[in-house]
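If you're wondering where the values come from, they're calculated on a predicted model, not measured in any experiment. By convention in this document, chain letters (A, B, ...) are assigned in the order of the sequence lines, proteins followed by strands, and residues within each chain are numbered from 1.
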2 protein chains.
Amino acid sequence: MTGIEDVAALAGVSKATVSRALSGRGYVSAETRSRVEAAASSLGYVVSSSASSLVTGRTNNVGVIIPMINQWFFASILEGVERALLDRGYDLMLYNVTKTEAERTKVFEYFLVRKRVDAVIAVTLEITPEETSQLLALGKPIAGIGGPLEGIPTLSIDDVEAARLATEHLILLGHREIMHVGGDVHEQMDFHVHSKRLRGFLEALQSAGLPADEHSYVATRFDIPGGYTVGKQILGDPRRRPTAIFAAADEVAIGVIIAARELGISVPDDLSVIGIDNHPLGAMFGLTSLEQRPDLQGEQAVEWVIRQLEQPGWAPPPVHSVVPARLVIRSSTARPRPRAS
Amino acid sequence: MTGIEDVAALAGVSKATVSRALSGRGYVSAETRSRVEAAASSLGYVVSSSASSLVTGRTNNVGVIIPMINQWFFASILEGVERALLDRGYDLMLYNVTKTEAERTKVFEYFLVRKRVDAVIAVTLEITPEETSQLLALGKPIAGIGGPLEGIPTLSIDDVEAARLATEHLILLGHREIMHVGGDVHEQMDFHVHSKRLRGFLEALQSAGLPADEHSYVATRFDIPGGYTVGKQILGDPRRRPTAIFAAADEVAIGVIIAARELGISVPDDLSVIGIDNHPLGAMFGLTSLEQRPDLQGEQAVEWVIRQLEQPGWAPPPVHSVVPARLVIRSSTARPRPRAS
DNA sequence: CTGAAAGCGCTAACAT
DNA sequence: ATGTTAGCGCTTTCAG
């Protein structure tokens with residue numbers, strides 16, 4: 001394996017100069033630099049990251065802890081993080097920590113045990129206070145996405161606001177019988193997403209002077225089958241059927257629409273459905289949705305940690321800060337035509 | 001940061017002994033070992049991976065190159081790979097290489113440039129011969145999943161056989177008008193999956209003495225919307241409608257079923273649909289499916305590369321070897337009742 | 001079974 | 001602007 005010494009010899013300079021020329025740190029004359037670069041590439045030289053990490057203390061790796069990969073939201077975040085990281089010249093170490101205790105400890109051990117990452121990005125991680133302090137004890141930049149992590153700067157959209165916007169959109173279209181299909185407020189891994197979206201919904205109704213009771217809201221699993229099941233129930237009885245539904249997530253909304261279509265209910269003609277996320281499948285179902293860009297959140301988190309790495313002293317926005325996603329009503333997709341009023 | 005020297009001092013032994021005790025390599029008396037371990041954990045000592053990599057030449061990292069994350073098949077592989085790697089004590093470096101040229105070269109540069117992985121797993125990577133040789137030139141264990149990579153041991157299911165099994169299942173149930181909805185044979189990133197599944201389908205028909213013409217097969221995009229679009233076309237005309245459909249992937253099958261239900265066609269009563277993959281959403285649509293376990297392929301690939309790492313001399317099965325997935329007909333879900341004979 | 005010592009390949013002062 | 005030199009923290013002969 002060709003090392004820095006070979007390059008130095010070929011270029012007729014010292015190892016130090018090669019290091020400076022290739023890393024861009026320190027003064028090197030343009031002429032020398034190009035000679036070194038030529039030598040390096042002709043030899044196919046590449047720095048040994050272990051050697052350079054050993055002396056600099058920097059690994060150029062960022063660890064990502066994520067609870068699942070096989071769901072649109074999480075996969076999107078991961079894609080965004082990966083893209084941003086690669087772009088900035090960092091590598092991504094993936095830790096898919098599931099709920100099982102054994103795996104959790106293993107991951108935390110690895111992180112704490114191996115000093116191989118410069119920073120950590122934690123995605124909707126549900127962790128105990130002690131796990132948090134273990135993370136913090138690393139003394140490395142950390143950013144969270146999607147769930148407030150006590151003591152850790154976290155990114156997420158403004159759920160209350162998003163829900164309110166969605167609901168107001170329906171109200172503006174003339175709907176008065178609007179129902180909310182959301183997640184179970186008592187669910188694990190909630191991070192108050194469900195309760196916040198419910199709150200935004202209720203606030204919007206209230207502002208518009210519309211009544212809200214326990215029939216205005218129903219909880220289900222946060223995926224397509226969840227929405228489907230509930231959709232069949234809600235829409236089965238024509239007398240109780242709302243004219244519009246605000247689903248807390250596109251996946252739920254899609255389930256509802258599938259159910260509706262099977263029942264011969266046309267969306268959006270007979271029933272308006274709006275969701276949050278802008279899930280790619282939405283287009284197929286004529287779904288109106290507020291755009292949440294998990295990939296952008298991922299990119300943002302990367303910015304946060306890298307900025308801390310590269311300009312010491314800089315600190316991300318305070319704990320639990322909430323960065324609103326771009327909320328876009330794709331009105332072209334939504335043409336609700338309420339029967340009521 | 002506490003180093004090996006501190007541990008040695010506290011345990012009253014030399015650095016060398018600490019190293020042996022903690023790494024498990026070399027002779028250390030049981031008594032000494034436990035003293036060292038106690039010292040290490042009381043100090044919260046962890047080895048510096050850069051230092052140890054520098055001297056051993058091993059990083060304990062495996063690189064994974066994958067073209068996309070946000071799709072069931074790919075995410076499943078990634079989950080399987082991650083699980084297996086974590087289990088064996090390796091870390092996973094993720095490289096999501098999309099089609100854009102810039103990103104590709106960047107990834108390949110990183111791999112070639114940084115010597116930070118011990119092995120590489122390439123998922124359905126469509127690479128040029130020179131990229132292949134770049135990979136091979138790394139001189140590190142490599143395994144591919146899903147697409148035959150010239151010169152690289154690759155895992156995939158037996159597509160022809162899977163398609164044949166699925167089709168035979170329908171034939172056995174009495175169907176004679178069976179249609180295949182598959183991917184476009186001329187598609188990029190094909191790896192012959194589409195043509196192989198088509199071939200298996202045709203062979204099954206032929207063996208059963210059933211006719212097959214150009215109307216027996218239709219190509220579409222390999223996802224839910226793709227299946228939906230085609231479903232509407234195929235099933236719209238009651239006279240041409242087949243009694244059964246073999247979809248080349250569950251996602252396509254699900255699209256077809258959604259279309260069928262909207263048309264008032266009951267699955268599986270009026271129409272049998274079978275797919276390949278055992279996609280989790282299948283259950284919601286009463287879909288019969290052959291089980292493909294991408295996560296298991298991921299785990300297998302990990303075994304291959306790690307085995308090469310840990311027992312030099314061992315070699316994985318020859319190039320392009322095909323490992324059949326577990327093919328499970330979930331007959332409980334499928335109750336086709338053909339109108340024809 | 002344990003210790004001493006020689007690096008692994010590079011970077012960062014410090015000189016020049 | 002470039003060269004010299006002293007390690008970074010660990011593993012691994014080689015002695016004992």
Q: With a 3.5 Å distance limit and no angle check, can you tell me whether B:Arg116 reaches the backbone of A:Thr59 through a side-chain donor-acceptor pair?
A: yes
Q: Quick check on C:dT2: is either OP1 or OP2 less than 4.0 Å from any side-chain nitrogen or oxygen of B:Ser29?
A: yes
Q: Take A:Ser52 and B:Val13, find for each the nucleotide of DNA chain C with the closest heavy atom, and name the residue whose nucleotide sits nearer the 5' end.
A: B:Val13
Q: On the nucleotide C:dG3, are OP1 or OP2 found under 4.0 Å from the side-chain N or O atoms that B:Thr17 carries?
A: yes
Q: Rounding to a whole Å, what distance do you find between A:Asn60:CG and C:dT11:C1'?
A: 14 Å
Q: If the cut-off is 4.0 Å, is B:Ser14 near the phosphate of C:dG3, judged by side-chain N/O to OP1 or OP2?
A: yes
Q: Output the rounded distance in Å from CZ (B:Arg58) to C1' (D:dT11).
A: 14 Å
Q: Could you check whether A:Asn70 and B:Ser76, counting side-chain N and O atoms only, form a donor-acceptor pair closer than 3.5 Å?
A: yes
Q: Once you apply a heavy-atom cut-off of 4.0 Å, does A:Thr32 come out as touching a base, just sugar-phosphate, or nothing?
A: sugar-phosphate
Q: May I have the distance from B:Arg116 (atom CZ) to C:dG9 (atom P), rounded to whole angstrom?
A: 17 Å
Q: Starting at atom CD of B:Glu5, determine the distance to atom C1' of C:dA5, rounded to an integer number of angstrom.
A: 13 Å
Q: B:Ile4 CD1 to D:dG7 C1': how many Å, rounded?
A: 17 Å
Q: Roughly how many Å is it from CG in A:Leu22 to P in C:dT11, rounded to a whole number?
A: 8 Å
Q: Taking the side chain as every heavy atom from C-beta outward, state whether A:Arg307 and A:Glu303 have any pair of such atoms under 4.5 Å apart.
A: no
Q: Mapping A:Val28 and A:Lys15 onto DNA chain D by nearest heavy atom, which one lands closer to the 5' end?
A: A:Val28
Q: When you get a sec, tell me which of D:dC10, D:dG3, D:dT11 is the closest nucleotide to the side chain of B:Ser48?
A: D:dC10
Q: Report yes if a side-chain nitrogen or oxygen of A:Tyr45 is closer than 4.0 Å to either non-bridging phosphate oxygen (OP1 or OP2) of C:dC10; otherwise report no.
A: yes
Q: Could you tell me how far apart B:Leu43 (CG) and D:dG9 (C1') are, to the nearest whole angstrom?
A: 15 Å
Q: For B:Ala30 and B:Val55, find the nucleotide of DNA chain C closest to each by heavy atoms; which residue's nucleotide sits nearer the 5' end?
A: B:Ala30
Q: Under 4.0 angstrom, heavy atoms only, what part of the nucleic acid is A:Arg20 near: base, sugar-phosphate, or nothing?
A: base
Q: Could you tell me how far apart B:Leu54 (CG) and C:dA6 (C1') are, to the nearest whole angstrom?
A: 13 Å
Q: Can you confirm whether A:Glu130 is buried at CD, in the sense that more than 12 heavy atoms of other residues, nucleotides or ligands lie under 6.0 Å from that atom?
A: no
Q: With a cut-off of less than 4.0 Å, is there a side-chain N or O of B:Ser19 near OP1 or OP2 of D:dT11?
A: yes
Q: Look at A:Asp118 together with A:Lys140 and state whether they make a salt bridge at an N to O cut-off of under 4.0 Å.
A: no
Q: Tell me which nucleotide among C:dT11, D:dA1, C:dG9 gets nearest to the side chain of A:Tyr27.
A: D:dA1
